[in-house]
Amino acid sequence: MSLVPSRSSGTGPGGRPPHVAGVVDHLTGGSDNYAAERDLAAQLLTTAPWLSLAVRAHRRYTTLVVQWLATEGFTQYLDLGCGLPYADPGDGALHPYDAARSVLTGAQGAPADVRTVYVDNHGPAYGHANTMLAEERGTLAVHADVRRTAELLALPSVTSKLDLGRPVAVLAHDLLPWMGDHDAVDLINDLRRLLPSGSALSLTHAATDLVPGPEGEDCIRTLSAIYAEAGIGFHPRSAGHLRALLNRWSVQAPGVVRTELWGSGYGPFAQRAPTPGDFTGAYAAIALTTAP
């Protein structure tokens, strides 16, 4: 998760304010967080007690969608706002490189040549990704601002890892909710303009209208206010807003749907109905730079 540094004075090391990456790490049982992030997580859970399960369900979705993209022939992945590595893989969630390699094999059953670049502008997230996720020959961690898309894709380290003459699958999972409208539009349009033909964008996004019950809208407003008090801009969006963001892309079936429904009735991984534990409060979509 990549976001603009927050404005709060905070109580973390060196006076750092809480960061979403640390909050998510705490919600999933990790230890790469500090008191201000744990306190913020506790406030969020008071309003949305389903949040920990939602974060875990969301990372299971990442595994599912990367495996699906791998079956479609994608071997190059760009994970924007990768966040801190998963603390507990016991729920079956895999990082993108491992998820793709679990499906793809080369000649004589050897693992295929999968390439994955992990990007984050949060120093601790980058540092851990560089240590834990960039160990394989096909992986790279980059400390960069994803909003400066052209600069990112022109970095020698990136061009040495990804062949930008071939399609790339971009993961923008839980990324845009931490950007205002202007930055979100620019990023989506820049990716379409700069990526090779046939590239894919996998998008997940916190929703304004999915929390069940009559108090759903109040819940989202309260979450936004809690984040704002911590100096973090949180921008959930509706399905219609996301369709507008993707209007220059070729959005693939089933379109913009609830994240937990994406794999339940569509594609090669349509094996089970979603359960309450799959709820993410987010939408998902996959789009291509050109029509299939």
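This chain uses plain numbering: 1 for the first residue, then up along the sequence. Remember, it's a predicted structure, so these values are computed and weren't measured experimentally. Just so you know, these numbers use all the heavy atoms, side chains as well, and skip hydrogens, waters and symmetry mates.
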**Student:** Within the side chain of T259, is there an N or O that forms a donor-acceptor pair under 3.5 Å with the backbone of Y283?
**Tutor:** yes

**Student:** Is the H95 ring parallel, tilted or perpendicular to the Y118 ring (thresholds 30°, 60°)?
**Tutor:** perpendicular

**Student:** Does any donor atom in the side chain of R101 or Y97 lie under 3.5 Å from an acceptor atom in the other side chain?
**Tutor:** yes

**Student:** Just how far is it from atom CZ of R147 to atom OG1 of T149, taken to the nearest 0.5 Å?
**Tutor:** 10.0 Å

**Student:** Does the salt bridge (charged side-chain N to carboxylate O under 4.0 Å, His left out) test come out yes or no for D113 and R137, once each step is laid out?
**Tutor:** CA-CA 9 Å; D113 183 21; R137 181 179 64 87; 3.6 Å; yes

**Student:** Would you mind reporting whether L78 and L153 have side-chain heavy atoms less than 4.5 Å apart?
**Tutor:** yes

**Student:** Which of these, L80, I188, I286, sits in a side-chain contact (heavy atoms from CB on, under 4.5 Å) with L201?
**Tutor:** I188

**Student:** Using 0.5 Å steps for rounding, measure from the NE2 atom of H205 to the CG atom of L210.
**Tutor:** 12.0 Å

**Student:** If every non-hydrogen atom of Y77 is compared with every non-hydrogen atom of L69, which pair is closest and at what distance?
**Tutor:** OH-C, 3.8 Å

**Student:** So which of T208, D209, D181 actually passes side chain to side chain donor-acceptor pair (under 3.5 Å) with R237?
**Tutor:** D181

**Student:** Hey, is the main chain of V146 close enough, under 3.5 Å, to the side chain of N121 for a donor-acceptor pair?
**Tutor:** no

**Student:** Are V24 and L94 connected in a single hydrophobic cluster, I mean Ile/Leu/Val/Met/Phe/Trp/Tyr linked by side-chain heavy atoms less than 4.5 Å apart?
**Tutor:** no

**Student:** Are any of the side-chain heavy atoms of I226 and F234 separated by less than 4.5 Å?
**Tutor:** no

**Student:** Using modelled atom types and a 3.5 Å cut-off, is there a donor and acceptor pairing between side-chain atoms of H128 and backbone atoms of P124?
**Tutor:** yes

**Student:** Just jot down the side-chain hydrogen bond (donor to acceptor under 3.5 Å, both in side chains) partners of N189, sequence neighbours excluded, or say none.
**Tutor:** none

**Student:** Of R56, R258, R59, H58, which is the lone residue that meets side-chain contact (heavy atoms from CB on, under 4.5 Å) with T280?
**Tutor:** H58

**Student:** Could you tell me whether a side-chain N or O of S160 sits under 3.5 Å from a main-chain N or O of S157, the two making a donor and an acceptor?
**Tutor:** yes

**Student:** What are the two closest heavy atoms between V66 and A100, and how far apart are they?
**Tutor:** CG1-N, 3.7 Å

**Student:** Counting only N and O atoms by type, is there a donor-acceptor contact under 3.5 Å from the side chain of T289 to the main-chain atoms of G198?
**Tutor:** yes

**Student:** Return the minimal non-hydrogen interatomic distance between I220 and A207, and the atom names on each side.
**Tutor:** CD1-O, 3.7 Å

**Student:** Using modelled atom types and a 3.5 Å cut-off, is there a donor and acceptor pairing between side-chain atoms of S199 and backbone atoms of P167?
**Tutor:** no

**Student:** I'd like to check H235 versus W178 (side-chain heavy atoms, cut-off strictly below 4.5 Å). Are they in contact?
**Tutor:** no

**Student:** Is it the case that the side chain of T71 and the backbone of W68 share a donor-acceptor pair, with hydrogens and angles ignored and the cut-off at 3.5 Å?
**Tutor:** yes

**Student:** Does Y227 form a side chain to side chain contact (heavy atoms under 4.5 Å, CB included) with L44? I'd like the steps, not just the answer.
**Tutor:** CA-CA 8 Å; Y227 277 120; L44 296 169; 3.4 Å; yes

**Student:** Are D190 and R192 within salt-bridge range, i.e. N to O under 4.0 Å?
**Tutor:** no

**Student:** List the steps, then state whether side chain to side chain contact (heavy atoms under 4.5 Å, CB included) holds for L176 with L245.
**Tutor:** CA-CA 11 Å; L176 298 187; L245 277 173; 4.1 Å; yes

**Student:** Does some side-chain heavy atom of L27 sit less than 4.5 Å from a side-chain heavy atom of L45?
**Tutor:** yes

**Student:** Taking all non-hydrogen atoms of both residues into account, name the closest pair between M179 and L187 and its distance.
**Tutor:** CE-CD2, 3.8 Å

**Student:** Looking only at heavy atoms, which two atoms of V119 and A144 are closest? And how far apart?
**Tutor:** CG1-O, 3.9 Å

**Student:** Using modelled atom types and a 3.5 Å cut-off, is there a donor and acceptor pairing between side-chain atoms of K161 and backbone atoms of Q76?
**Tutor:** no

**Student:** So, Q252 and S250: side-chain donor and acceptor under 3.5 Å apart, yes or no?
**Tutor:** yes

**Student:** Among residues two or more places apart or on two chains, list those pairs meeting ring-ring contact (aromatic ring centres under 6.0 Å, His included) that have a residue in residues 133-162.
**Tutor:** Y126-H143

**Student:** Do H122 and H19 make a side-chain contact, defined as non-hydrogen atoms from C-beta onward lying under 4.5 Å apart?
**Tutor:** yes

**Student:** Are any non-hydrogen side-chain atoms of R166 and T75 less than 4.5 angstrom apart?
**Tutor:** yes

**Student:** Any side-chain heavy atom of N130 within less than 4.5 Å of one from L140?
**Tutor:** no

**Student:** Can you find a heavy atom in the side chain of P96 that is under 4.5 Å from one in the side chain of L171?
**Tutor:** yes

**Student:** Nearest 0.5 Å, what's the CG-CG distance between L195 and L288?
**Tutor:** 11.0 Å

**Student:** Go through C219 and W50 one step at a time and tell me if the side chain to side chain contact (heavy atoms under 4.5 Å, CB included) criterion holds.
**Tutor:** CA-CA 11 Å; C219 175; W50 43 265; 4.1 Å; yes

**Student:** Quick check: closest heavy atoms across H173 and T62, and the distance to 0.1 Å?
**Tutor:** ND1-OG1, 2.9 Å

